[in-house]
Visitor: 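Got a structure for you, questions after.
One-based numbering, in listed order, for ligands and for the atoms of each.
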Amino acid sequence: MPSVLVTGGAGYVGSHACKALAAAGFTPITYDDLSTGHRDLVRWGPFEEGSVGDGERLSSVIARHRPVAVLHFAALSLVGESVRDPARYYRTNVASTLTLLEAMRRHHVEAMVFSSTCATYGLPDRVPITEDTPQRPINPYGWSKLMVERLMADHGSAYGLQWAALRYFNAAGADPDGETGEDHEPETHLIPRALLAAAGAMPAMDLFGADWPTPDGTCIRDYVHVDDLARWHVQALVHLLSGKGSLALNLGTGKGWSVRQVLAAVERVTGRPVPIRMAPRREGDPPVLVADPSRACALLGAEARITDMETIVETAWRFLKGRRVQPERKVM
Ligand code: UFG
């Protein structure tokens, strides 16, 4: 079976992608430094511990496993932290990717699928967001991802790299079989925080602003199920390997949910109220981010299978209950 190197394969989206790769007949080689990933979520192929910034280690792993491509997830991904410590974000997300691209060139690995983000669009003038929307990030995290898109495009023109920049909207939910899921420390994302608050693992969840220019005053996001995301990574990989050309695609459902709608779904699924503390708007939050998924649908057939918020929340709840919601483990 052909091998695929998966950086960050012990993380949230990366581990789901490993499962999808294995289901499609690839051997995922997880390369992860376990700074935020989890060893026990590496279940579908070999594990190689290492940092993407370590060119020697990368080279020896690539030489041994001879992957046909790389799926590159390993990155720092907290917007606020990137504002406070941009140098760390540019070092980890950008400089390390250059090291990875060099190792790939040395060993003639010519395809890369990259975990990009809707944060590269910043505050878009119009929604839904198409791929032609100007990319104007408003924080170092978004810039670091956009810079990697540029690195890939230039490596494509000059050295023939086949690349896919997959700009996710809000990755959400967990493996429907419960074998992997989202386990961040600290957890900043809405759905797991609301679930933890409903479970009593934290006293209350801050609701960042109810005075936004939206129908119920709370922010609207496009929550895309991680199982759909994972499958689309494999489809993008197959697209590149069959020589169909490089891609920049929005990965979303095209449907927006307000924070209050998500909280209502969490209450229905858990059967418990979500204790809320009203908080000011979080800096840098755009009011509405919704994808126009037409291009991904046309080029990859990337139709979302899970679009119902209760199903998204149910999968997240099942994983979280098994892993994080224990009386002795308080969160913040
Ligand atoms: N929210 C709350 N309370 C919380 C957590 C979130 O009210 O405790 C709100 C946020 O203000 C936002 C929505 O819930 O309106 C979703 O927030 P998340 O933190 O779950 O997700 P973001 O939309 O901020 O983040 C996502 C990706 C980032 C990416 C960003 C681009 O997770 O990687 O979109 O805007 F950078």
Visitor: With a heavy-atom distance limit of 4.0 Å, tell me whether Arg193 approaches ligand 1 through its side chain, its backbone, both, or neither.
Guide: side chain

Visitor: If only side-chain N and O atoms count, and only distance matters, is there a donor-acceptor pair under 3.5 Å linking Thr130 with Asp132?
Guide: no

Visitor: Evaluate the criterion salt bridge (Lys or Arg N to Asp or Glu O under 4.0 Å) for residue pair Lys19 and Asp227; output intermediate values, then yes/no.
Guide: CA-CA 9 Å; Lys19 180 170 178 174; Asp227 204 48; over 6 Å; no

Visitor: State whether Arg167 and Glu131 are salt-bridged, where the test is any N-O pair (Lys NZ or Arg NE/NH1/NH2 against Asp/Glu carboxylate O) under 4.0 Å.
Guide: no

Visitor: Show me which atoms of ligand 1 lie under 4.0 Å from any heavy atom of Met205.
Guide: 3 (N), 8 (O)

Visitor: When you look for heavy atoms under 4.0 Å from ligand 1, do you find them on the side chain of Arg281, its backbone, both, or neither?
Guide: neither

Visitor: Mind checking whether Val262 contacts ligand 1 via backbone (N, CA, C, O), side chain (CB onward), both or neither, at a 4.0 Å heavy-atom cut-off?
Guide: neither

Visitor: Is a side-chain donor-acceptor pair under 3.5 Å present for Tyr89 with Glu81?
Guide: yes

Visitor: When you measure from atom 9 (C) of ligand 1 to every protein heavy atom, which one gives the shortest distance, and what is it?
Guide: Val259 CG2, 3.9 Å

Visitor: Which option wins on minimum heavy-atom distance to atom 2 (C) of ligand 1: Tyr12, Phe208, Tyr121?
Guide: Phe208

Visitor: Suppose we measure from atom 30 (C) of ligand 1 to each protein heavy atom; which comes out shortest, and what is that distance?
Guide: Ala119 CB, 4.5 Å

Visitor: Among side-chain atoms of Asp33 and Ser51, is any donor-acceptor pair under 3.5 angstrom?
Guide: no

Visitor: Can you tell me which portion of Val79 lies within the under-4.0 Å heavy-atom range of ligand 1? Options are side chain, backbone, both, or neither.
Guide: side chain

Visitor: Looking only at protein heavy atoms, which one is nearest to atom 15 (O) of ligand 1, and what is the separation?
Guide: Cys219 CB, 3.0 Å

Visitor: What atoms of ligand 1 come closer than 4.0 angstrom to any heavy atom of Asp206?
Guide: 2 (C), 3 (N), 4 (C), 7 (O), 8 (O)

Visitor: Just need the protein heavy atom nearest to atom 28 (C) of ligand 1, so name the residue and atom and give the distance.
Guide: Tyr141 CE2, 4.4 Å

Visitor: Taking both backbone and side-chain atoms of Arg282, is any N or O found less than 3.5 Å from an N or O belonging to ligand 1?
Guide: yes

Visitor: Within 45° of the axis and under 6.0 Å from the centre of the six-membered ring of Trp212, does NZ or CZ of Arg281 qualify?
Guide: yes

Visitor: Check ligand 1 against Leu207 and write out every atom of the ligand that is under 4.0 Å from a heavy-atom position of the residue.
Guide: 7 (O)

Visitor: Below 3.5 Å, N or O to N or O, backbone or side chain included: is there any such pair between Thr117 and ligand 1?
Guide: no

Visitor: Quick one: which ligand 1 atoms are inside 4.0 Å of a heavy atom on Thr188?
Guide: 5 (C), 19 (O)

Visitor: Rounded to the nearest 0.5 Å, how far does CH2 of Trp317 lie from CD of Glu310?
Guide: 14.0 Å

Visitor: Sort and list the pairs that fulfil ring-ring contact (aromatic ring centres under 6.0 Å, His included) and have at least one residue in residues 222-249, not counting sequence neighbours.
Guide: Phe73-His233, Tyr168-His233

Visitor: Are the side chain of Arg57 and the backbone N or O of Glu49 linked by a donor-acceptor pair below 3.5 Å?
Guide: yes

Visitor: Under 4.0 Å, heavy-atom basis, I'd like to know which part of Tyr223 is in contact with ligand 1: side chain, backbone, both or neither.
Guide: side chain

Visitor: Please write down residue, atom name and distance for the protein heavy atom closest to atom 27 (C) of ligand 1.
Guide: His189 NE2, 4.3 Å

Visitor: To check your reading of the model: name the closest protein heavy atom to atom 35 (O) of ligand 1, its residue, and the distance in Å.
Guide: Leu289 CD1, 3.4 Å

Visitor: Taking atom types as modelled, is there a side-chain donor on Thr7 or His72 under 3.5 Å from an acceptor on the other?
Guide: yes

Visitor: Would you say Glu182 and His184 are linked by a side-chain donor-acceptor pair, where the criterion is simply a distance under 3.5 Å?
Guide: yes

Visitor: Salt-bridged, Asp228 to Arg305, with N to O below 4.0 Å?
Guide: no

Visitor: For atom 23 (O) of ligand 1, what's the nearest protein heavy-atom neighbour? Residue, atom name and distance, please.
Guide: Arg221 NE, 2.8 Å

Visitor: Which part of Tyr168 is near ligand 1, with near meaning a heavy atom under 4.0 Å away: side chain, backbone, both or neither?
Guide: neither

Visitor: In ligand 1, which numbered atoms sit nearer than 4.0 Å to a non-hydrogen atom of Asp285?
Guide: 10 (C), 11 (O), 12 (C), 15 (O), 24 (O)

Visitor: For Val274 and Glu267, work out which heavy atoms get closest and say how close.
Guide: N-OE2, 2.7 Å

Visitor: Minimum distance, heavy atoms only, to atom 20 (O) of ligand 1: which one of Leu190, Asn170, Thr214, Leu123 is it?
Guide: Leu190

